[in-house]
Amino acid sequence: MKVRAKLITLVAAVAIAAGAALGYLARTSAPQASFIALSGGNFTTEDLRGKVVLVNFWATTCIPCVAEMPEMVDLWRRYSPRGYDTVAVAMRGDPANAVADFARRHALPFRVALDRDGDVAQAFGHVRVTPTSYLLDRRGRVVTRYVGRPNWQEFRTRVERALAESS
């Protein structure tokens, strides 16, 4: 019985710590990063404030990344009139011409950025797995992070809540 009680206590402690870590993540500001727009020019995370923003790290060779793009386009079209935006950050090593070709062929309506040196991925916590996405609120705080494809229904609910909050 004592071993079982210790195990239950350990599991509860891990669950509490995980919950606290997620709560901390939800209250932290997005890191300062400078994006190189595929269309030219630069912008920063500070420039994204005032909108609810999905920052998605992806690669043209990543099958799940390519598969989720139509959903991301749909979400952008649905919510952009209400203050939602998307930044698709092509990972270091993805050739600019391949990214540009993909964006053109798929008519991506949102901003696409190139992470030529890996600085943006580094700033966002050493992102190495694609897709990895961060949802930012209007104040530039991280609402949640997804590694892999998100549950899109849950994601829509989070976007709706973030859009409903005043800045």
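All of these numbers come straight from a predicted model, not from anything done at the bench.
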Residues at least two apart in sequence or cross-chain that pass side chain to side chain donor-acceptor pair (under 3.5 Å) with R156, listed by chain then number, are E71

For T61, the side chain to side chain donor-acceptor pair (under 3.5 Å) test, sequence neighbours excluded, returns none

Quick one: which residue pairs count as a disulfide bond (SG atoms under 2.5 Å apart) with a foot in [range], not counting sequence neighbours?
{"range": "residues 86-129", "answer": "none"}
{"range": "residues 65-97", "answer": "C62-C65"}
{"range": "residues 115-149", "answer": "none"}
{"range": "residues 78-110", "answer": "none"}

Measure across [X] and [Y] and return the closest heavy-atom pair with its distance rounded to 0.1 Å.
{"X": "P131", "Y": "N56", "result": "CB-ND2, 4.0 Å"}
{"X": "V66", "Y": "A59", "result": "CG2-O, 4.3 Å"}
{"X": "A103", "Y": "V112", "result": "CB-CG2, 4.3 Å"}
{"X": "T45", "Y": "P31", "result": "OG1-O, 2.9 Å"}

Restricting to side-chain contact (heavy atoms from CB on, under 4.5 Å), what partner residues turn up for [X], sequence neighbours left out?
{"X": "A67", "result": "R149"}
{"X": "N151", "result": "Q153, E154"}
{"X": "V147", "result": "V129, T132, R145"}
{"X": "R82", "result": "Y79, E160, L163"}

Would you say the side-chain atoms of Q122 and D117 include a donor-acceptor pair closer than 3.5 Å? no

Could you pull out every donor-acceptor pair under 3.5 Å between side chains of residues 86-100 and any protein atom, sequence neighbours left out?
{"residue": "D94", "atom": "OD1", "partner": "T60", "partner atom": "OG1", "Å": "2.6"}
{"residue": "D94", "atom": "OD2", "partner": "T60", "partner atom": "N", "Å": "2.7"}
{"residue": "D94", "atom": "OD2", "partner": "T60", "partner atom": "OG1", "Å": "3.3"}

*Please answer whether the main-chain N or O of V143 pairs with a side-chain N or O of D137 as donor and acceptor at a distance below 3.5 Å.*
no

Distance (rounded to the nearest 0.5 Å) between [X] [atom1] and [Y] [atom2]:
{"X": "E68", "Y": "T130", "atom1": "CD", "atom2": "OG1", "result": "9.0 Å"}
{"X": "F124", "Y": "D119", "atom1": "CZ", "atom2": "CG", "result": "12.5 Å"}
{"X": "D85", "Y": "S80", "atom1": "CG", "atom2": "OG", "result": "8.0 Å"}

Any side-chain heavy atom of F35 within less than 4.5 Å of one from D115?
no

*R141 side chain near L136 side chain, heavy-atom distance below 4.5 Å*: no

Salt bridge (Lys or Arg N to Asp or Glu O under 4.0 Å) pairs touching residues 39-50, sequence neighbours excluded, are E46-R49

Inset, instruction - Would you please test R104 and D101 for side-chain contact (heavy atoms from CB on, under 4.5 Å) and show each step? - result: CA-CA 5 Å; R104 182 187 47 74; D101 184 55; 2.4 Å; yes

- prompt: Is R78 positioned over the aromatic face of Y84, cation under 6.0 angstrom from the ring centre and no more than 45 degrees off axis?
  reply: no

query = Under the side-chain contact (heavy atoms from CB on, under 4.5 Å) criterion, do I36 and F43 qualify, and how do the steps go?
reply = CA-CA 7 Å; I36 301 168; F43 59 97; over 6 Å; no

(message) Test side-chain contact (heavy atoms from CB on, under 4.5 Å) on F110 and V73; report intermediate values, then the result.
(response) CA-CA 8 Å; F110 41 76; V73 168; 3.8 Å; yes

Indicate the ring-plane relationship of W58 and F102, choosing parallel, tilted or perpendicular according to the 30° and 60° boundaries. tilted

Item to check | Parallel, tilted or perpendicular: rings of Y134 and F57 (30°, 60°) | outcome: perpendicular

| query | Hey, mind stepping through W76 and L108 against side-chain contact (heavy atoms from CB on, under 4.5 Å) and telling me if it holds? | reply | CA-CA 10 Å; W76 185 88; L108 299 182; over 6 Å; no

